[in-house]
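What follows is one structure encoded as structure tokens, with my remarks underneath.
Worth knowing before you read on, the calculation uses all heavy atoms, side chains too, and leaves out hydrogens, waters and symmetry mates. First the proteins, then the strands, lettered A, B, ... as listed; each starts at 1.
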Amino acid sequence: MSDLFATPPAAPAPQDGEPDQMSIRAQLQRMRPTPYLEGLNPEQREAVENIDGPLLVLAGAGTGKTRVLTTRIGHILATRSAMPWQILAVTFTNKAAREMKNRIGTLIGGNVEGMQWLGTFHSIGVKILRRHAELVGLKSNFTILDTDDQLRLMKQLIQAQGLDEKRWPARQLNTLIDGWKNRGLTPEQVPQDEAYYFAQGNGVRLYSAYQERLKILNACDFGDLLLECLRLFRENPDVLAEYHNKFRYLLVDEYQDTNIAQYLWLRLLAQGSQNICCVGDDDQSIYGWRGAEVDNILRFEEDFPGAKVIRLERNYRSTAHILAAASHLITFNEGRLGKTLHAQIEDDEAEKVTVTSVWDSEEEARTIGDQIEDLQRSGHNLNEIAILVRASFQMRTFEDRFVTMGLNYRVIGGPRFYERAEIRDALAYFRAMVQPADDLAFERIVNTPRRGLGDATLKLVHDHARSRGIPLMEAANELVQTAELKPRPRNALKNLLEQFTHWRTMLASLKHTELAEMILDESGYTEMWQNDKSADAPGRLENLKELVRSMEEFDSLPGFLEHIALVMDRDNAESNEAVSIMTLHSAKGLEFDSVFLPGWEEGLFPHQRALDESGTRGLEEERRLAYVGITRAKKRAKIYVASNRRIHGLWQNSVPSRFLDELPPKHVDVEESQSTYGGYGNSGIGGNIYGKSRFDSSDPFESTYDTPGWKRAKGSGTKKTGKAKQTRYGGGPASSSKVIDGELVAKSVSDTPSQFSQGERVFHQKFGYGTVISIDGNKLLIEFSTGQKRVLDNFVERH
DNA sequence: ACAGTGCAATTTTTT
DNA sequence: ATTGCACTGT
């Protein structure tokens, strides 16, 4: 390994095609010996300088993870251990990639264009795949499908198999196949027993059928971008060797989020230099539900023999109270490598973490709104304030309240620009024009706007295409020459095809943005929305304009299409001051002075579904989510519990989250809600029928552990009792009297897929009593008096 | 071909 | 309560 230093890759004489080599060398020359290492703490410095061999950097929240990563790259460059294009640096999101690029730019003073292999897993996957497409049965101009396209394709396949789409939804098949792909499994590799998961043993059959269709369409889905790379490397050792040779250093961000396919991909590539550095935090792994394997990070030392592990535990972000709360909470997780954050910020005035009990979600929004106004009055910037929710339906209450208050807010996340229907329609037009063989694009827009080309006509085109083995557009072209179609649809179709031909002739002569506008206008698509009277039509037209505007940055239509296939996000640099509202998931990686954490109730947080579907594993992931939430706060973390919440239109009274009991009382203040109105006299919903609530006792943290349901839920209650403050939980009778112990908690922690058994008597809100006939995961087939129904198990209860 | 009706589900999200 | 969907009837 050390001979890398003995014989540095000898910056050769400048060659054509190696971008900006001279300028980078010149920049490096100008650098002082190691100014970039100053200001790093010893662990960070070790992580930066230790560039040979496998290294895992366990970087807790706020410990300077990105700084280490970028400085390390800077160091590799400065020591001439590798040239920019010999470094492979992967991230998960485009945002992270962009940020890293910027920071490296600042570090080395400018040009980072030489770093061609800094990007997301997927973008690097595409890059590799396009070079060797023919080796895996694709052409190098293959299209990349998104979820929408995938679903439509799968729906077709399910129909083709004569299966009932209601019973076997495409969505579910997609999840299944996606799961297999995440685990790096091709259809042949899917384990026997799993092959039967979908529609009585059709799972794998559909998977291979799907893959065959993709090949015919010359298309890949996101999973394939990695999976096909794996196949490429395995079947072509020479190709793999080429990349071994190329990549001297590998760096991976957010390693705890990698799935198995990504792990295999990395491992194959790392076999070359062995210089792989993964940075991550097992305590922040919150994407298990979409295939991330915490195990990857937990097993690092076995996977990469001789690996070093460096822990970054000095936190530069939060106050000691906040860190203590988060650290204590996370110790309740068992599957973790273990790390303790130490506060570097000293602040004797620091506020403790607060827990506030409120009556319902509206009081919650009111209280938080008022507190934000207070902060604002005392000079805090709204951009430094965030509300982090578990589920997006919680956002609405806050939006409603903030609109009434006139408080500026912004919702982060939500539907992405490029996923909106109007944008996808427009893109489908462009795709169908650029790639006449793109059947999915053609299908999408053939009758949008309405042209009178319905199912009947489409079926004829399909059949013709199928029998001739040609793309839909071509088949349509042939069909309109014949008399097989009725005059009306025939003309409509002929018109459309002629328009496409017309547009294609303009491709060379017209500027791509003008052509785009022309297509949208001439096709009648713009008109369709102009005539639409619904409230969001103007917004959609605005989006279409925005789309054309964003095309300006690219020099051709195909170039633009390639870009957006991978980069589904858009920079919205909103400059005005506003409170951010987002989910806990989308808050990862961000930080705010003040963080509000509403909805800490059993069933919502931890979410019932996480518990039901993944048991203890699910609970631990929820706990990590709580950890992520708290550690976003620099100065203030404020938690809220509502006694009542409306779920699916029904009012339910709720049990405070078990996570509250896992916070260290020493660092927490329990507060009364500021706005106490709203509680009194409202006993109709869940009056104090159970007598004294456990929150009437003196110490909430202690008392909750005495609840039988609590003990059952947790398995063991091993927390010490003697405690400090005599703080009251819910203060007024309004909030304290509504809590009913038990059931929800007790039943939440089950490791079994379904807690029901065959032949059992159950009750359903709507269908009444019934008997369980069969069980498929969490889906039950039940015989009711009105007939058999398929129901999710959380919709019925034992009887 | 399309509009209106009834039924079922409803965590988290990137590429 | 709301919403998105599949099916039915014109």
### Message
Going by side chain to side chain donor-acceptor pair (under 3.5 Å), name the pairs with one or both residues in residues 286-295 of chain A, residues two or more places apart or in two chains.
### Response
A:W289-A:H585

### Message
Just to be sure I understand the rule, does A:Q394 reach a base, reach only the sugar-phosphate, or reach nothing, if contact means heavy atoms closer than 4.0 Å?
### Response
nothing

## Note on the structure
Between CZ of A:R171 and C1' of B:dT11 the distance, given in whole Å, is 11 Å

### A:H607 aromatic ring stacked with six-membered ring of B:dT11, 5.5 Å and 30°
yes

### Query
Would one find a side-chain N or O of A:T583 under 4.0 angstrom from OP1 or OP2 of B:dT13?
yes

### Task
With a 4.0 Å heavy-atom cut-off, tell me which residues in residues 144-155 of chain A come close to DNA chain B, sorted by residue number.
A:T147

### Task
Can you tell me the distance, in whole Å, between the CZ atom of A:F393 and the P atom of B:dT11?
9 Å

### Query
Hey, does A:R450 reach any base, or is it just sugar-phosphate, or nothing, if we go heavy atoms under 4.0 Å?
sugar-phosphate

### Summary
In whole angstroms, the gap separating C1' of B:dT15 from CG of A:N182 amounts to 11 Å

### Query
Are A:Y640 and A:W600 an aromatic pair by the rule of ring centers under 6.0 Å?
no

### Query
Is the base of B:dT12 touched by the side chain of A:R390 through a donor-acceptor pair closer than 3.5 angstrom?
yes

### Task
Using atom CH2 of A:W289 as one end and atom P of B:dT15 as the other, report the distance to the nearest whole Å.
12 Å

### Message
In whole Å, measure the gap between the C1' atoms of C:dT2 and B:dT13 for me.
### Response
22 Å

### Query
What is the 5' to 3' range of DNA chain C, first to last nucleotide, that sits under 4.0 Å from any heavy atom of chain A?
C:dA1 to C:dA6

### Task
Tell me, please, which residues at least two apart from A:R540 pass salt bridge (Lys or Arg N to Asp or Glu O under 4.0 Å).
A:E422, A:D536

### Message
Going by centres under 5.5 angstrom and planes under 30 degrees, do the aromatic ring of A:F121 and the base ring of B:dT15 stack?
### Response
no

### Query
Just how far is it from atom CD of A:Q262 to atom CG of A:L227, taken to the nearest 0.5 Å?
11.5 Å

### Message
If I take atom OG from residue A:S123 and atom CG from residue A:L118, how far apart are they, to the nearest 0.5 angstrom?
### Response
8.5 Å

### Query
Should A:D282 and A:R624 be marked as a salt bridge (charged side-chain N to carboxylate O under 4.0 Å, His left out) after you check the CA-CA gap, both sets of side-chain angles, and the distance that decides it?
CA-CA 9 Å; A:D282 50 322; A:R624 291 193 290 266; over 6 Å; no

### Summary
When rounded to whole Å, the CG to P distance for the pair A:L625 and B:dT12 reads 11 Å

### Interface with DNA chain B, restricted to residues 252-261 of chain A and to heavy atoms under 4.0 Å
none

### Task
Give the rounded distance in Å between these two atoms: CD of A:Q608 and C1' of B:dT10.
14 Å

### Message
Output the rounded distance in Å from CZ (A:F92) to P (B:dT15).
### Response
11 Å

### Query
Mapping A:T457 and A:L225 to their closest nucleotides on DNA chain B, which lands nearer the 5' end?
A:T457

### Message
Please identify which of these residues, A:E363, A:E362, A:E364, meets the salt bridge (Lys or Arg N to Asp or Glu O under 4.0 Å) condition with A:R645.
### Response
A:E364

### Query
Just by distance, do the side chain of A:E620 and the backbone of A:G615 share a donor-acceptor pair under 3.5 Å?
no

### Message
As a test of reading the structure: which of B:dT15, B:dA1, B:dT13 is closest to the side chain of A:N94, going by heavy atoms?
### Response
B:dT15

### Message
If we check side-chain contact (heavy atoms from CB on, under 4.5 Å) with A:M395, which of these qualifies: A:I412, A:D400, A:V389, A:I387?
### Response
A:V389

### Query
Do A:S614 side-chain atoms and A:R617 backbone N/O form a donor-acceptor pair below 3.5 Å?
no

### Query
Does NZ in A:K494 sit with more than 12 non-hydrogen atoms of other residues, nucleotides or ligands closer than 6.0 Å?
no

Check: residues 150-157 of chain A side-chain donor-acceptor pairs under 3.5 Å, at least two apart:
from	atom 1	to	atom 2	distance (Å)
A:R152	NH1	A:L440	O	3.3
A:R152	NH2	A:D149	OD1	3.0
A:Q156	NE2	A:E443	OE1	3.0
A:Q156	NE2	A:E443	OE2	2.8

#### Entry: Any A:N447 side-chain nitrogen or oxygen under 4.0 Å from OP1 or OP2 of B:dA1
no

### Query
Between A:F554 and A:H563, what is the ring plane arrangement, given parallel below 30°, perpendicular above 60°, and tilted in between?
tilted

### Message
Measuring to OP1 and OP2 of B:dT10, would you say a side-chain N or O of A:R609 lies under 4.0 angstrom away?
### Response
yes

### Message
I need the CH2-P distance between A:W600 and B:dT11, as an integer number of Å.
### Response
20 Å

#### Entry: Pairwise 5' ranking along DNA chain B for A:G454 and A:T120, keeping only the more 5' one
A:G454

### Query
Between A:H648 and B:dT10, do the rings stack, that is, sit under 5.5 Å apart with planes less than 30° off each other?
yes

